[in-house]
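See below for the structure under consideration.
Just so it is clear, the model here is predicted, and its values are computed rather than measured. Note on naming: letters A, B, ... go to the chains in the order of the sequence lines (proteins, then strands), and numbering restarts at 1 for each one.
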Amino acid sequence: MEKKVQEHVLPDLKDVKGKVVMRLAPSPSGPLHLGHTRMAFLNDEYVRRYGGKLILRIEDTNPANIEPAAYDMIPGDLEMLGVKVHEIVIQSSRLAIYYREAESLIKGGHMYACTCKREDAKRLKLEMKACPHREQPLETNLDIFNSMRDGKLEPGSASLVVRTSLDDPNPSLRDWIAFRIPAARHPIAGDDFHLFPTMNFSVAVDDHFLGLTHVIRGRDQLNNTYRQRFIFDYNGWKVPFYFHYGMISYPGSLLKTSLMKKGIREGKFSGWDDVRLLTVRALLRRGYRKETFRKYWIDSGLRDVDATFSWEIFNSINKGFIDSDARRLFFVKDPHQITISEAPDIESSIPFHPSRPELGARRYSVKAGSSVYITTEDWLSISDGETVRLKDLCNVTRVDGRLTYSKAQDLSRKGRIIHWAPEKSIGFTVVKPDGTIDSGLLEPEGMDVEGEVQMERYGYVNSFPREGTGYFTHR
RNA sequence: GCUCCGAUGGUGUAGUCCGGCCAAGCAUACCGGCCUUUCAAGCCGGCGACCCGGGUCCAAAUCCCGGUCGGAGCACCA
C-alpha cells in the first residue's frame, strides 16, 4: 500500500539568479537557543537548495552585550545541528571598513556628527525638528568623527547620525544613529577602539560588501530594513532581497539570553546546558535530534504570520526520529519491593524493541522467594483480588495485601500489564525539563545502553547510565 | 499615539499573488477499532476551521471597503 504523504516544502525565493549568498547574524551574547534555530535552518535550507554560501556573521558591535565564550559556542551549536556554515565573519574585526564608509557618507553629506544630549536629540526628533548640528559644516563633522574614532571624546558625548527625513511619519526612521561611543570596552576588539557602529549601519555595509543576495529574518527587523535602505540608496548599492517572516512565541519559555545568563550567574541554572533552558545544547542533551529541528521549521514554513511554537508537534516529530532506535528498558520510579509468594524460578526474556527482534532481549532469572520492584503508584493501584501481569515475567494476583503467583498464567487474558525491575537493579534518576527529578531503579542491563531509550510506560529518556542519570526527553 | 504586518479546526500548516479542480488538503492532538506481554510504534475509521459586516462577480478562503482582534517595531540593543 502506498501512502500519500504531503511533504511540506519551503516556497521558492524570489529573484534567484544562480547561487545565493545568505547569512546568520546572531549577537554573541550566549549560545544559540531554540529561537535561533529557525533562522539557522531556513537559511541553511535555501543555501542547500540553490547552492551558494551561508555566512555566519557574528554581530558584536555592542561591547556591553558580549559573552566571549559565545564566539566558540555559536559555531559549535550550528555544527551540532548540522547547519553548514561556509564562512565566519566577525564584525568587530571589520571596524576599519565601517569607519571608511562612515567617512565617505559624511563627505557625501549623508551623515553628520551630533553632540546633543541624548534626551534633547530624542525630543527634537519627535517634534520633527532639526538639531543644531544637522547643518554644521562638513569639516566640523569630519573633525568630530576623527576625535570620536581616536578616543578623544567621552562615551555618549557624540554620535554619528544618518540624515534621512525629519518629517517621516515613522519616528524611528528620522535621522537615525549610526555610530556611538559605548562606555564598555570591547572584550575582543580591545582598547584601541572606541567608536562602534550600531547594527543598522554595520548590517547595511556588510550585507553589501559580503555580497548578500537574500536575507530572511524576523518581522521585528522590518523597521531596521527601512533604515538600512538609506545606506544602500546613498551609496547606490543594489539592495538584497529581504523577507521578513512572522514571529514565533514560545509559551511560558525563558528565551532571553540575558536572563539565562543571569540565572547561571546566580546559580539558579547549572550552566548553558541546564535542561530547564531552551538552548540548543540543553535540548540536544535532553535527547532532541537535530533532524527534528530541521523538519519542524520546514513544516512551519516561511510565512509572515505570527505563530506559537508547538511542543506537541515538535515532540511528535522527535518521537518519529528516535522511536525505532530507542531500546526499551524498565525504570521503576519510587520503587516498592515485592516478593511473589508461591512463585517458582522464572527465566524472563524481554525484547529490547517490540518491532525489532534483531536487537535481542534482556534476560533475568528470578528465583523463587526473591523479590522484584514495581512502582509505588502501581502497587497502590492494585486492588485486592485483581490480577496483573508483570511484563514478560508472570501473572500475579493480590490476595490479602500480598502478591501471589497466579493460578492462571494464561497469556491471552486481558488485564493490566505493568513493568518491574529485578532485585539487582541500579539506582537511577531522571532529570525532567522542569528541573524536578524522578528517582528509582533501572534494570541491570540498562547499564549498557547509553543514549536515547524508552523507559516503558514512562517516556523517552536520554540515558547516561554510568552517571546513574538520564534526561527526560518527552513521553 | 505613530509605522508596519497578519487573521484557515485545540495546535502547526496547505491553499490566498493568477477567484471556479476547496461542500477546504496534510500533520498533531483527541475519540473509537485493529495489532501488541509498554499507557510506545504501526494500521483503519471518526470529530473538528476559512474573524465579523458590506461590496464586486455567474462564482470568493482567495479581490475591494469598513470593523474587530492579534502581533512586531518606535531612535545611540541586535
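Between A/D323 and A/R38, the residue anchored nearer the 5' end of RNA chain B, judged by the nucleotide with its closest heavy atom, is A/R38. Each of A/N170 and A/L302 has a nearest nucleotide on RNA chain B; the 5'-most of these lies closest to A/N170.
Using a cut-off of 4.0 Å between Lys/Arg side-chain N and Asp/Glu carboxylate O, A/R363 and A/E445 are scored as not salt-bridged. Residues A/R219 and A/D304 are not paired through a salt bridge, judged by the lack of any N-O separation under 4.0 Å between the basic side chain and the carboxylate. The existence of a salt bridge linking A/E358 and A/R356 is confirmed by a sub-4.0 Å separation between a basic side-chain nitrogen and an acidic carboxylate oxygen. Using a cut-off of 4.0 Å between Lys/Arg side-chain N and Asp/Glu carboxylate O, A/R362 and A/E456 are scored as salt-bridged.
For A/I177, whose side chain is taken as the heavy atoms from C-beta onward, the closest listed nucleotide among B/rC76, B/rA78, B/rG6 is B/rC76. Residue A/V305 has its side chain nearest to B/rG6 when only B/rC74, B/rA78, B/rG6 are considered. Comparing B/rU38, B/rC4, B/rC74 by their closest approach to the side chain of A/P354 singles out B/rU38. Across B/rC76, B/rG12, B/rG71, the shortest atom-to-atom separation from the side chain of A/A307 is found for B/rG12. Comparing atom distances between the A/D392 side chain and each of B/rU37, B/rG70, B/rA78 picks out B/rU37 as nearest.
Distance CG/A/N318 to CH2/A/W311: 10.0 Å, rounded to 0.5 Å. Between atom OG1 of residue A/T375 and atom CG of residue A/D334 there is a gap of 7.5 Å, rounded to the nearest 0.5 Å. Between A/T61 atom OG1 and A/F196 atom CZ the span is 8.5 Å, to the nearest 0.5 Å.
Between A/N224 atom CG and B/rG73 atom P the separation is 10 Å, expressed in whole Å. Note: CZ (A/R327) to P (B/rU38) measures 18 Å, nearest angstrom. Atom pair A/I322:CD1 and B/rG42:P shows a separation of 12 Å (rounding to whole Å applied). In this structure, CG of A/D120 is placed 14 Å from P of B/rC76, rounded to the nearest angstrom. In this structure, A/R219 atom CZ and B/rC74 atom P are separated by 14 Å, rounded to whole Å. We find that CE of A/M247 is positioned 18 Å from C1' of B/rG12, with the value rounded to whole Å. Taking atom CZ of A/F196 as the reference point, atom P of B/rC76 lies 17 Å away to the nearest angstrom. Atom pair A/D299:CG and B/rU13:P shows a separation of 10 Å (rounding to whole Å applied).
Between B/rC69 and B/rC63, the distance separating the two C1' atoms is 22 Å to the nearest Å. B/rG9 and B/rC4 are spaced 27 Å apart, taking the P atom of each and rounding to whole Å. Only the P atoms considered, B/rG15 is 14 Å distant from B/rU8, to the nearest whole Å. Comparing B/rC35 with B/rC50, their P atoms are spaced 38 Å from each other, to the whole Å. With P as the reference atom, B/rG42 and B/rG20 are 35 Å apart, rounded to whole Å. When the P atom is used for both B/rC64 and B/rC26, the distance is 29 Å, rounded to whole Å. A distance of about 37 Å separates the C1' atoms of B/rU28 and B/rC65, rounded to the whole Å. With both ends at atom C1', the span from B/rC17 to B/rA61 equals 14 Å, rounded to whole Å.
Within the shown strands, B/rG1 is the pairing partner of B/rC74 under the Watson-Crick or G-U definition, both distances less than 3.5 Å. Both distances falling under 3.5 Å, in either a Watson-Crick or a G-U wobble arrangement, place B/rC43 opposite B/rG33. Base pairing of B/rU16: no nucleotide in any strand meets the Watson-Crick or G-U wobble criterion (both distances under 3.5 Å). B/rU68 is paired with B/rA7 under the Watson-Crick or G-U wobble criterion, all donor-acceptor distances under 3.5 Å. B/rC22 is unpaired under the criterion used here, namely a Watson-Crick or G-U wobble arrangement in which both key atom distances are under 3.5 Å.
Within 4.0 Å of A/Q454, counting heavy atoms only, lies at least one base atom of the nucleic acid. A/P169 comes within 4.0 angstrom of the backbone, heavy atoms only, and of no base. Backbone-only contact: A/D304 has heavy atoms under 4.0 Å from sugar-phosphate atoms and none from a base. Using a 4.0 Å heavy-atom distance criterion, A/I181 is classed as making no nucleic acid contact. A/T61 comes within 4.0 angstrom of sugar-phosphate atoms only, judged by non-hydrogen atoms across all strands, and of no base. Among the heavy atoms of the strands, none lies under 4.0 Å from A/S324. Within 4.0 Å of A/Y458, counting heavy atoms only, lies no atom of the nucleic acid at all. A/D60 comes within 4.0 angstrom of no nucleic acid atom, judged by non-hydrogen atoms across all strands. Within 4.0 Å (heavy atoms only), A/M199 reaches at least one base atom of the nucleic acid.
A/T225 places a side-chain N or O within donor-acceptor distance of the main-chain N or O of A/Q221, the cut-off being under 3.5 Å.
Checked against A/F331 for a ring pair (Phe, Tyr, Trp, His ring centres under 6.0 Å), the options A/F472, A/Y373, A/Y458 give a single hit: A/Y458.
Looking only at atom types and distance, the side chain of A/D60 has a donor-acceptor partner in the side chain of A/Y71 under 3.5 Å away.
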At a cut-off of 3.5 Å, list every protein nitrogen or oxygen paired with a nitrogen or oxygen from nucleotides 28-35 of chain B, distance to 0.1 Å.
from, atom 1, to, atom 2, distance (Å)
B/rA29, O4', A/E312, OE1, 3.0

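The base of B/rA40 is paired with the side chain of A/R328 by a donor and an acceptor separated by under 3.5 Å. Within 3.5 Å, no donor on the side chain of A/R303 pairs with an acceptor on the base of B/rG6, nor the reverse. Between the side chain of A/R118 and the base of B/rC76, no donor-acceptor pair of N or O atoms lies under 3.5 Å.
Less than 6.0 angstrom separates the ring centroid of A/F314 from the ring centroid of A/F309.
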